[in-house]
Undergrad: 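Here it is, the structure, as structure tokens.
Chain identifiers are assigned alphabetically (A, B, ...) following the order of the sequence lines, protein sequences preceding nucleic acid strands; residue numbering begins at 1 within each chain. Because the structure is predicted, anything quoted here is derived from the model rather than measured.
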Amino acid sequence: MTAAENTTVRAAPMVRADGIVKNYGKLNVLDGLDLEVDAGEVVCLIGPSGSGKSTFLRCINHLEGIDGGRMWVDGKAMGYDIKGTRLHEQKESRICRSRTGIGMVFQHFNLFPHMTVLENLVEAPRLVLGEKKSVVVQRALELLEKVGLAEKAGAFPRQLSGGQQQRVAIARALCMQPKLMLFDEPTSALDPELVGDVLKVMKDLALSGMTMVVVTHEMNFARDVADRVVFMADGRIVEQGPARYVITNPQHERTKAFLSSVR
Amino acid sequence: MTDLTKTPEKTTFTSPGRTRDHYTVVKAKHPGRWVSAAIIAVFAVLMARSVATNPRFGWETVGLYLREVSIVQGIAVTLELTAVCMAIGIVLGVVVAVLRLSPNPVVRTAAFAYVNFFRGTPVLVQLLFWYNLAALYPTVSFGIPGVALDANAIITPMFAAILGLGLNQGAYMSEIVRAGILSVDHGQVEAAGALGINKLQTMRRIVLPQAMRVIIPPTGNETIGMLKTTALVSVISVPELLYSSQIIYARNFQTIPLLMVASIWYIVVTSILSIGQYYLERRFAKGGQRNLPLTPLQKLTLFFNTHDRLARKGGKL
Ligand SMILES: Nc1ncnc2c1ncn2[C@@H]1O[C@H](COP(=O)(O)OP(=O)(O)OP(=O)(O)O)[C@@H](O)[C@H]1O
Ligand SMILES: [Mg+2]
């Protein structure tokens with residue numbers, strides 16, 4: 001926490017997590033975690049199973065409430081407002097509005113199975129942002145083109161391969177025109193030969209300047225694309241820095257042990 | 001056997017030049033089926049003969065009253081009651097199901113209390129209660145001062161019937177809808193939430209449409225059940241199908257023939273509803289399966305058309 005208090009004034013980071021604490025009953029999952037992600041930065045979160053990576057990611061867009069600390073996204077308090085010494089949970093409408101600026105991609109895609117690919121993309125911008133149909137459809141088709149699935153606009157999710165579904169899920173998140181994208185192990189549920197297509201889309205997105213926080217086990221992706229790699233264990237950050245240091249030349253014993261186990 | 005350790009030079013398709021012996025396939029015999037079929041056939045014939053020859057069935061009277069005006073009007077009332085009460089039941093069921101899944105414990109408990117009360121008491125008792133509401137509250141004010149309506153005038157038999165059956169059905173439907181909602185993967189709710197879609201819209205646009213696949217089949221069953229349950233409201237003298245028949249046999253004492261008339265109509269209508277249910281289920285199974293099985297009608301056409309028709313369509317229907 002001291003580090004955050006001492007920072008000099010500069011452009012607000014896209015994500016600022018200050019001493020985040022999260023408990024599930026007696027289990028302490030996040031233990032005062034600090035992290036800042038600058039606009040345009042790509043951060044990869046790595047760490048052993050159960051270390052709290054998914055939990056932290058879900059705290060960023062308030063899919064999980066927190067038990068301590070503060071979270072800011074794009075300069076605005078996420079989930080809670082300070083009143084005196086207390087944190088008051090925000091109203092649903094406020095949280096929903098904040099979430100429109102944060103895209104999230106899940107391990108199991110979570111596409112809406114009763115809608116076509118195009119409908120999956122168009123649904124939220126229409127419903128939440130109230131945008132005109134023609135505008136959204138136009139944008140959705142462009143995004144599908146970008147992820148290489150223009151011809152699948154009319155298909156249902158079940159008719160697509162896992163890799164295709166995940167690319168649709170990315171396009172669906174992008175269709176809200178978010179400022180920040182969160183990825184929770186986007187390629188872990190895919191057959192090895194389908195991983196490449198998804199990573200390619202993510203790499204293009206990173207090159208386009210999107211701010212990204214990516215939980216991943218793909219060390220090659222982290223090495224090639226991430227500006228910073230953060231290694232977590234037991235709800236804390238153990239080591240972080242440019243990929244060429246953290247992955248290629250880790251300093252901490254736990255990082256070394258983890259990296260040798262995933263290879 | 002080829003040597004598996006070595007990679008073969010080429011893929012082989014068939015072993016060339018070998019002639020095979022030809023066998024004829026003889027299907028397994030099922031003598032048990034024939035015996036059971038024969039026994040059932042004998043019983044069926046005996047029953048049909050007894051039904052046809054027993055004069056007390058009064059088939060002529062049955063024929064006479066099958067299209068009697070008051071009977072047909074009774075069917076209309078039965079259908080109307082079924083439709084209205086199911087509609088009330090479905091709307092109430094959805095609302096109560098959502099309330100039962102609410103994070104607010106007071107709301108949740110109230111919804112549970114409703115379900116428990118209406119499932120825990122016989123519908124017949126509920127109907128009698130509503131019918132006799134005037135005894136409990138002679139005037140109804142709806143909480144508005146100055147308003148004092150005569151309960152007897154408001155609670156007509158038809159109103160009591162709709163209230164009783166609708167509220168009772170709501171309790172059952174809420175359990176069905178709840179099961180449907182719970183069957184939808186929680187990841188769907190999270191994905192919607194992450195897109196900024198609020199809870200109410202998530203329920204309406206994402207969860208309920210997917211819950212339909214689980215909700216529709218038992219709802220079809222409930223509708224058929226409701227059609228028959230409406231016979232209960234004959235006790236509060238609503239002129240539905242059964243009550244209309246009772247009025248006639250009270251006059252002419254042809255009890256059995258008129259009960260036959262009512263039964264025949266109940267069977268006819270439930271059969272039609274079953275067909276509707278079948279097609280409705282098929283419709284909502286879409287997106288769930290990649291290929292739907294054939295309908296009986298399609299099977300029948302297939303049966304009467306020989307293989308060439310299938311071949312012409314490339315094996316697809
Ligand atoms: N809803 C929950 N209720 C109780 N415990 C939970 C819940 N979600 C996660 N946990 C626990 O919190 C801890 C951290 O979980 P989390 O999913 O964040 O780990 P992770 O780092 O993403 O692991 P993985 O690499 O396996 O996905 C685990 O011990 C997990 O069992
Ligand atoms: Mg995880």
Undergrad: Is it the case that the side chains of A/Asp81 and A/Gln90 hold a donor-acceptor pair, with the cut-off being a distance below 3.5 Å and no angle test?
TA: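 Indeed, the side chains of A/Gln90 and A/Asp81 share at least one donor-acceptor pair under 3.5 Å.
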Undergrad: Please tabulate, for side-chain N and O atoms in residues 95-107 of chain B, each donor-acceptor pair with protein atoms closer than 3.5 Å (sequence neighbours left out).
TA:
residue, atom, partner, partner atom, Å
B/Arg100, NH1, B/Glu175, OE2, 2.6
B/Ser102, OG, B/Asn104, N, 2.9
B/Asn104, OD1, B/Val106, N, 2.9

Undergrad: Is A/Asp184 reaching over with its side chain to a backbone N or O of A/Ser54, donor-acceptor style, under 3.5 angstrom?
TA: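 Not at all, since once roles are kept as given, no pair shorter than 3.5 Å links the two residues.
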Undergrad: In terms of heavy-atom proximity below 4.5 Å to chain B, should A/Leu127 be classed as side chain, backbone, both, or neither?
TA: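 Both backbone and side chain of A/Leu127 come within 4.5 Å of chain B.
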Undergrad: State which residues pass side chain to side chain donor-acceptor pair (under 3.5 Å) with A/Glu89; sequence neighbours excluded, sorted by chain then number.
TA: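 Expected list: A/His62.
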Undergrad: Could you tell me which portion of A/Phe112 (side chain, backbone, both or neither) has an atom closer than 4.5 angstrom to a non-hydrogen atom of chain B?
TA: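 Answer is both: backbone and side chain atoms of A/Phe112 are under 4.5 Å from chain B.
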Undergrad: Knowing that exactly one of A/Leu129, A/Val135, A/Val136 qualifies, which makes a side chain to side chain contact (heavy atoms under 4.5 Å, CB included) with A/Lys132?
TA: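 For A/Lys132, the side chain to side chain contact (heavy atoms under 4.5 Å, CB included) test succeeds with only one of A/Leu129, A/Val135, A/Val136, which is A/Val135.
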Undergrad: List the residues meeting ring pair (Phe, Tyr, Trp, His ring centres under 6.0 Å) with B/Tyr172, not counting sequence neighbours, and say none if there are none.
TA: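 Counting only residues at least two positions away or on another chain, B/Tyr172 forms no ring pair (Phe, Tyr, Trp, His ring centres under 6.0 Å).
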Undergrad: Considering only heavy atoms, give the residues of residues 191-199 of chain B separated from chain A by less than 4.5 Å, sorted numerically, with 'none' for an empty result.
TA: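 Residues B/Ala191, B/Ala192, B/Gly193, B/Ala194, B/Leu195, B/Gly196, B/Ile197, B/Asn198, B/Lys199 are the ones that qualify, each having a heavy atom under 4.5 Å from chain A.
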Undergrad: Does CD in A/Glu145 sit with more than 12 non-hydrogen atoms of other residues, nucleotides or ligands closer than 6.0 Å?
TA: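 No.
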Undergrad: In terms of heavy-atom pairs under 4.5 Å, which option from A/Leu111, A/Val105, A/Asn61, A/Ile95 contacts chain B the most?
TA: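 Sorted descending by pairs with chain B, the first entry is A/Leu111.
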Undergrad: Would A/Lys53 pass as a cation-pi partner of A/Phe56, given that its NZ or CZ must be under 6.0 Å from the six-membered ring centre and within 45 degrees of the axis?
TA: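 No, A/Lys53 does not lie over the aromatic ring of A/Phe56.
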Undergrad: So for A/Leu182, is it side chain, backbone, both, or neither that comes closer than 4.5 Å to the heavy atoms of chain B?
TA: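 Contact with chain B: none, neither part.
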Undergrad: Measuring heavy-atom distances to chain B, does A/Arg58 have an atom under 4.5 Å in its side chain, in its backbone, in both, or in neither?
TA: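 The answer is the side chain of A/Arg58.
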